[in-house]
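FYI, side chains are in, hydrogens and waters are out, and symmetry mates aren't considered; it's all heavy atoms of this structure. In what follows, chains carry the letters A, B, and so on, assigned in the order in which the sequence lines appear, proteins first and then strands, with residues in each chain numbered from 1. This is a predicted model, so every value here is computed, not measured.
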Amino acid sequence: MRWTHWQTLILKTPFSDLSFKETLIGGQAFRWSFNEIDQCWQGTWSKSFTQLRLNTEESIECRFPEESEANVTESLRQYLLVDTDWSYLTEQLPWRSDPVLADAIYAFRGLRLLNQPFAETLLCFLCSATKQIPQIKIMCENMAREIGSEIIPGGPHALPTWKQLSNTSESVLRSLGLGFRAKNIKQTADLIAGSNKILEEIEGLPYEEAKDELTKFPGVGSKIADCTLLFGAQKYQAFPVDTWILKVLKNRYRLKGWNKDQLEHFGRVHLGPLAGYAQQFLFAYERAQR
DNA sequence: AGGCAGGTGGCCA
DNA sequence: TGGCCACCTGCC
């Protein structure tokens with residue numbers, strides 16, 4: 001594969017080495033890996049494929065297969081939200097009165113949320129139930145390879161569309177290692193394929209309504225709906241409570257005995273309209289201690 | 001070798 | 001409402 005020359009992308013907010021890596025493979029996206037031969041990160045989203053490396057902290061370099069669509073650089077800029085002022089958003093978080101959050105922000109300075117395609121985000125997180133990140137990545141790779149379309153001739157495949165998934169049998173999905181998630185994905189695919197523009201409509205709804213709609217899909221509960229809205233629809237008030245956040249809240253915030261609904265409510269009230277961004281810091285911080 | 005992992009949904013008190 | 005459990009599969 002022939003690559004374009006490396007281009008520089010200036011970032012409004014710098015990364016650190018740690019936050020760059022955490023942003024790509026920390027668990028909000030499952031389509032990035034380190035290419036040892038080229039010594040850079042590579043990943044796919046939508047119909048795009050790119051390689052990235054951290055240049056200075058204020059900029060990254062990117063390149064694309066020569067056959068890429070003309071707008072691929074702009075697509076990457078939107079995916080990475082290069083013009084968003086993440087340091088300003090971080091300032092809005094209640095770290096001044098919250099030493100746990102302050103520590104997490106300090107450790108992962110420059111961490112950001114990606115702006116992933118909504119449909120793909122839903123699919124990836126439907127795979128995530130009781131699975132660790134490496135396993136989720138394998139499921140996504142398998143689906144892309146066997147069902148998704150080639151992005152570049154001879155290159156990687158995109159994740160399948162919901163249309164492609166609805167044309168795939170549950171047993172084929174099971175053969176790709178999805179386990180009991182295969183049934184949920186198949187049924188969700190049939191619902192989406194049978195209703196024109198339903199995902200676009202949900203993505204455009206206000207947070208609460210979008211969450212209500214998403215949880216109507218089989219296999220999508222509160223946590224997966226919140227991940228989909230946070231990482232795939234830029235609804236930053238979404239506050240996914242998973243096992244790691246449960247640990248943070250129960251142990252570091254001393255909220256043992258609270259149930260999940262109460263903890264979700266606590267997060268929303270205490271962390272405010274950017275609760276999801278705060279969650280990403282807390283998640284990274286807690287996982288780093290394991 | 002058995003238990004557990006970025007959950008969800010159904011069932012029962 | 002709240003607790004318990006099955007559900008696939010792979011990995012330690």
Side-chain angles (χ1 to χ4, degrees), chain A residues 21-32 104 108 111 113-114 116 120-143 145-146 159 165 168-191 211-233 235-236 238-252 255-267 271 275-290:
Chain A
K21 182 176 174 184
E22 180 68 20
T23 298
L24 295 180
I25 61 163
Q28 39 175 327
F30 302 98
R31 300 287 284 150
W32 291 91
F108 288 92
L111 183 67
L113 297 167
L114 297 169
Q116 301 179 66
E120 292 186 356
T121 312
L122 176 60
L123 176 59
C124 292
F125 281 94
L126 264 169
C127 296
S128 71
T130 65
K131 279 294 175 191
Q132 299 179 98
I133 292 168
Q135 295 308 311
I136 302 167
K137 287 172 88 163
I138 290 169
M139 293 184 224
C140 290
E141 280 169 26
N142 290 346
M143 284 190 293
R145 188 184 62 252
E146 299 301 326
L159 285 169
L165 288 163
T168 306
S169 69
E170 183 187 326
S171 61
V172 167
L173 293 173
R174 280 183 180 264
S175 75
L176 302 177
L178 297 181
F180 65 80
R181 300 155 201 81
K183 188 174 183 183
N184 294 330
I185 288 170
K186 174 63 177 167
Q187 290 180 354
T188 295
D190 290 341
L191 288 169
K211 185 170 178 179
D212 286 345
E213 292 303 314
L214 279 179
T215 49
K216 290 178 182 169
F217 292 124
V220 181
S222 181
K223 190 270 180 187
I224 290 176
D226 273 339
C227 286
T228 304
L229 292 169
L230 180 60
F231 305 130
K235 312 274 191 212
Y236 294 163
F239 185 69
V241 175
D242 59 35
T243 56
W244 296 99
I245 295 301
L246 279 178
K247 280 185 202 170
V248 174
L249 295 176
K250 286 177 188 251
N251 299 333
R252 298 184 190 276
L255 300 178
K256 289 192 169 72
W258 292 45
N259 71 28
K260 210 178 155 191
D261 284 341
Q262 292 168 325
L263 292 171
E264 277 186 44
H265 184 70
F266 169 83
L271 299 169
Y277 187 36
Q279 175 272 357
Q280 205 59 26
F281 281 107
L282 295 173
F283 176 83
Y285 187 60
E286 185 67 20
R287 241 166 42 92
Q289 317 280 319
R290 71 186 181 270

Closest approach of A:Phe108 to A:Ala288 (non-hydrogen atoms, all atoms of both residues)
CZ-CB, 4.1 Å
A:Gln132 CD to C:dT9 C1', straight-line distance once rounded to whole Å:
12 Å
Choose from B:dA5, B:dT8, C:dC8 the nucleotide whose nearest atom is closest to any side-chain atom of A:Ile224.
B:dT8
Given DNA chain B, 5'-ward residue of the pair A:Asn184 and A:Ser128, judged by closest heavy atom:
A:Ser128
Nearest-angstrom distance from the residue atom CZ of A:Phe239 to P of B:dG7
15 Å
Of A:Lys183 and A:Gln135, whose closest DNA chain C nucleotide lies nearer the 5' terminus?
A:Lys183
Using a heavy-atom cut-off of 4.0 Å across all strands, would you classify A:Glu170 as base, sugar-phosphate, or nothing?
nothing
Students often get this wrong, so: under 4.0 angstrom with heavy atoms, is A:Gln262 touching a base, only sugar-phosphate, or nothing?
nothing
Could you verify whether a donor N or O on one side chain and an acceptor N or O on the other, from A:Asn184 and A:Arg181, lie under 3.5 Å apart?
no
Would you say the rings of A:Phe266 and A:Phe239 are close, in the sense that their centroids are separated by under 6.0 Å?
no
Does the distance from a Lys or Arg side-chain N to an Asp or Glu carboxylate O, for A:Arg174 and A:Glu170, drop under 4.0 Å?
yes
If I compare all heavy atoms of A:Lys186 with all of A:Thr168, which pair ends up nearest, and what's the gap?
NZ-O, 2.9 Å
Closest nucleotide among B:dG7, C:dG10, C:dC8 to the A:Ala129 side chain:
B:dG7
Here's a test of your reading of the structure: between A:Asp242 and A:Thr215, which maps to the more 5' nucleotide of DNA chain B?
A:Asp242
Check every strand shown and say whether A:Phe283 touches a base, only sugar-phosphate, or nothing at a heavy-atom separation below 4.0 Å.
base
Flag as yes if A:Phe180 stacks onto the base of C:dC8 (centroids under 5.5 Å, planes under 30°), otherwise no.
no
Please report the distance, rounded to the nearest Å, between NZ in A:Lys260 and P in B:dG7.
8 Å
In this structure, how many angstroms lie between the P atom of C:dT1 and the CH2 atom of A:Trp258, rounded?
19 Å
Partner lookup for C:dC8, please. Criteria are Watson-Crick or G-U wobble with both distances under 3.5 angstrom; report none if nothing qualifies.
none
Phosphate OP1/OP2 of C:dC7 contacted by A:Arg181 side-chain N/O (<4.0 Å)
no
Side-chain atoms of A:Thr130 come closest, of C:dG10, B:dA5, B:dT8, to B:dA5
Rounded off to whole Å, could you give me the CG-to-P distance for the A:Leu173 and C:dT9 pair?
12 Å
Less than 4.0 angstrom between a side-chain N/O of A:Asn259 and OP1 or OP2 of C:dG2, yes or no?
yes
A:Lys131 side-chain proximity, nearest of C:dC8, B:dA5, C:dT9:
C:dT9
Atom CG of A:Asp261 to atom C1' of B:dT8: distance rounded to whole Å?
14 Å
Atom P, compared across B:dC4 and C:dC4: separation rounded to whole Å
14 Å
When all nucleic acid strands are considered with a 4.0 Å heavy-atom cut-off, which category describes A:Phe231: base, sugar-phosphate, or nothing?
nothing
Do A:Lys223 and B:dT8 share a donor-acceptor pair, side chain to base, under 3.5 Å?
no
What one should report as the nearest heavy-atom pair of A:Cys127 and A:Ile185 is SG-CD1, 3.9 Å
For C:dC8 and B:dG10, measure between their P atoms and round to the nearest Å.
14 Å
Could you give the CZ-to-P distance, from A:Phe125 to B:dA5, as a whole number of Å?
18 Å
Measuring only the P atom in each nucleotide, how far is B:dA1 from C:dC7? A whole number of Å is fine.
23 Å
Scan A:Ile133 against the nucleic acid and name what it touches under 4.0 Å (heavy atoms): base, sugar-phosphate only, or nothing.
base
